[in-house]
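This report refers to the structure that appears directly beneath it.
Values below: all heavy atoms of this structure, side chains included; hydrogens, waters and symmetry mates excluded.
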Amino acid sequence: MRLPGCVAYELPLSQVAAAIARAKARQERGEVADVNALLRALGGPQVWPRVWTLEMRGHDAETVSEAWSTWASSWTSREPGIGERRCGTAVVDGGDGRTIVAAVVVDVLADLAPVPLRARTGQWLRVEARLLVDAAHAELVVLDPEAGPRVVPGALHGEAFRAVFSADRPGLWRLQLLVDRGQGPRPALEAWVFVDREPDLAEATQAAPGPRAAVAADASLDVLRAGLSGLIDAARRQAGVPSLRRDTALDQLAQDHATAMAERGQTAHDVGDGPPAERLARARVSARRIGENVARAPSLERAHGVLWDSPSHRGNIVDPSFDALGVGVVRAAGDVWVCELFADRRGGVSPRAGD
């Protein structure tokens, strides 16, 4: 099945779409983590997948095309495609005369040479990628099963990125390529490697640390922000690092950026309001070091889970050098837009207005 706007179709995306369609036919609900897990298990390195489904009587191509176009235009018009838009589609008989159509859509920034799903302890792993967009910088972040996230030395020459590292302990290693196109670093590719261990999706999709009770979607802004702060605090406690103090100045900057992202329909570190360092400088907020996580998801818990599963974002969440936190949350178009602003403000004082 062909859909307008898709540059290419990829088998792993179609296999995931088929799994989603079959689950919907059985009236099961899936999670974003499940989609990512299936992609990684099938060798798909794409990030930030969007999922579209349609249930109808019979199978009418015109109905499919119209429903798809309506859905796609809701985000394509506000967030222009970057790289190549690739899709995977599936059509499943849902029984009782129902037809289930599913599509998985990704905006691809780079292509990744095959990375083994299984490896031996001490094996050298080579990561080679071809960028499909112009980038000023690229780096590989690996999530060590014990030591946590770290940047692996790599080299970017034109459109080619290469890095090599040794998987020196058993367990699940998460690999993530970040590219910076002028709007701050953005995940472009991800891969999993199970070292001296059988691939286990249950291990890879363990829930992010934090309270199990969901924060109501219609909760007040203060409750939403407190809920997000609580999820971050729980993750840091599990990692054995000190809690962060909420900082009023950082809260305001994070809230302003979450609002800007929602208004522009883009998830990025710079959506026209400047990168984090520039925003702090403009507000005359001093800090020795800063980090920022941004996300868009149907719920706070989903946003936290997506960020926790991302090596670079988890790195900010559990970084022991940070001591202050600002959080921003906006509800818009059925989703929450999240900004987490981390800083080391020890010895840094916010200037008074007029200074």
Determine whether V51 and V35 satisfy the following criterion, side-chain contact (heavy atoms from CB on, under 4.5 Å), listing intermediate values before the conclusion.
CA-CA 9 Å; V51 174; V35 175; 4.0 Å; yes
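- In this structure, the side chains of R150 and V141 stay at 4.5 Å or more apart for every pair of heavy atoms.
- Taking the side chain as every heavy atom from C-beta outward, V64 and L54 approach each other to under 4.5 Å.
- A donor-acceptor contact closer than 3.5 angstrom is absent between the side chains of S220 and D222.
- One side chain, S243 or D233, offers a donor N or O that lies under 3.5 Å from an acceptor on the other.
- A donor-acceptor pair shorter than 3.5 Å cannot be found between the side chains of D251 and Q255.
- Partners of E159 by side-chain contact (heavy atoms from CB on, under 4.5 Å), not counting sequence neighbours, listed by chain and number: R130.
- Residues R40 and E190 are paired through a salt bridge, judged by an N-O separation under 4.0 Å between the basic side chain and the carboxylate.
- Both L244 and L307 belong to a common hydrophobic cluster when Ile, Leu, Val, Met, Phe, Trp and Tyr are linked at side-chain heavy-atom distances under 4.5 angstrom.
- T89 places no side-chain N or O within 3.5 Å of a backbone atom of A103 that could act as its donor or acceptor partner.
- Using modelled atom types, one side-chain atom of D273 and one backbone atom of V271 make a donor-acceptor pair closer than 3.5 Å.
- The CZ atom of R282 sits 10.0 Å away from the CG atom of L280 when rounded to the nearest 0.5 Å.
- Proximity of F342 to R289: side-chain heavy atoms (C-beta onward) are nowhere separated by under 4.5 Å.
- A donor-acceptor pair under 3.5 Å is formed between the side chain of R236 and the backbone N or O of I317.
- In this structure a side-chain-to-backbone donor-acceptor pair under 3.5 Å is present from H304 to P209.
- Taking the six-membered ring where the residue is Trp, W68 and W71 present tilted rings, their angle falling between 30° and 60°.
- Between the side chain of S65 and the backbone N or O of A61 there is no donor-acceptor pair closer than 3.5 Å.
- Between R345 and D323, none of the side-chain N atoms (NZ, or NE/NH1/NH2) sits under 4.0 Å from a carboxylate O, so this pair counts as no salt bridge.
- Under the rule for a side-chain contact (heavy atoms from CB on, under 4.5 Å), the partners of R120 that lie at least two apart in sequence or sit in another chain are Q123, D196.
- In this structure, I100 CD1 and E55 CD are separated by 4.0 Å, a value rounded to the nearest 0.5 Å.
- Residues Q252 and L250 form no side-chain contact, since every pair of their non-hydrogen atoms from C-beta on lies 4.5 Å or further apart.
- Rounding to the nearest 0.5 angstrom, the gap separating the CH2 atom in W308 from the CG atom in L143 is 8.5 Å.
- One side chain, E10 or Q46, offers a donor N or O that lies under 3.5 Å from an acceptor on the other.
- Scanning all heavy atoms of the two residues, the minimum distance from R225 to R246 falls at O-NH1, 3.8 Å.
- Between the side chain of R279 and the main chain of G274, a donor-acceptor pair closer than 3.5 Å is present.
- By the 4.5 Å heavy-atom criterion applied to side chains, L341 and L325 are not counted as neighbours.
- A 4.5 Å side-chain heavy-atom check between N293 and V338 finds every atom pair outside the cut-off.
- Linking Ile, Leu, Val, Met, Phe, Trp and Tyr whenever their side-chain heavy atoms come within less than 4.5 Å puts L189 and V193 in one cluster.
- Within a 6.0 Å sphere centred on CZ of R126, other residues, nucleotides and ligands contribute 12 heavy atoms or fewer.
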Step by step, work out the side-chain contact (heavy atoms from CB on, under 4.5 Å) result for T99 and D93.
CA-CA 5 Å; T99 297; D93 182 356; 5.8 Å; no
From CA spacing to verdict: side-chain hydrogen bond (donor to acceptor under 3.5 Å, both in side chains), S310, Q176
CA-CA 8 Å; S310 165; Q176 182 183 67; 2.7 Å; yes
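- Between F165 and V127 the shortest heavy-atom distance is CE2-CG2, 4.2 Å.
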List the steps and the verdict of side-chain contact (heavy atoms from CB on, under 4.5 Å) for W52 and V105.
CA-CA 8 Å; W52 173 76; V105 188; 5.7 Å; no
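- The distance from atom CD of Q15 to atom CG of L42, rounded to the nearest 0.5 Å, is 4.5 Å.
- Under the 4.5 Å side-chain criterion, counting only non-hydrogen atoms from C-beta, H137 is not in contact with L156.
- Using a 4.5 Å heavy-atom threshold, the side chains of R169 and V195 count as separate.
- Of the inter-residue distances, the one linking F161 atom CZ with H157 atom NE2 reads 10.0 Å to the nearest 0.5 angstrom.
- With respect to the salt-bridge test (charged N to carboxylate O, under 4.0 angstrom), the residues R86 and D111 qualify.
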Checking side-chain hydrogen bond (donor to acceptor under 3.5 Å, both in side chains) for the pair S321/D319: CA distance, chi angles, key distance, verdict?
CA-CA 6 Å; S321 71; D319 192 321; 2.7 Å; yes
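- No donor-acceptor pair closer than 3.5 Å links the side chain of D144 to the backbone N or O of G148.
- When the options D107, V108, L109 are evaluated for a side-chain contact (heavy atoms from CB on, under 4.5 Å) with V133, the one that passes is L109.
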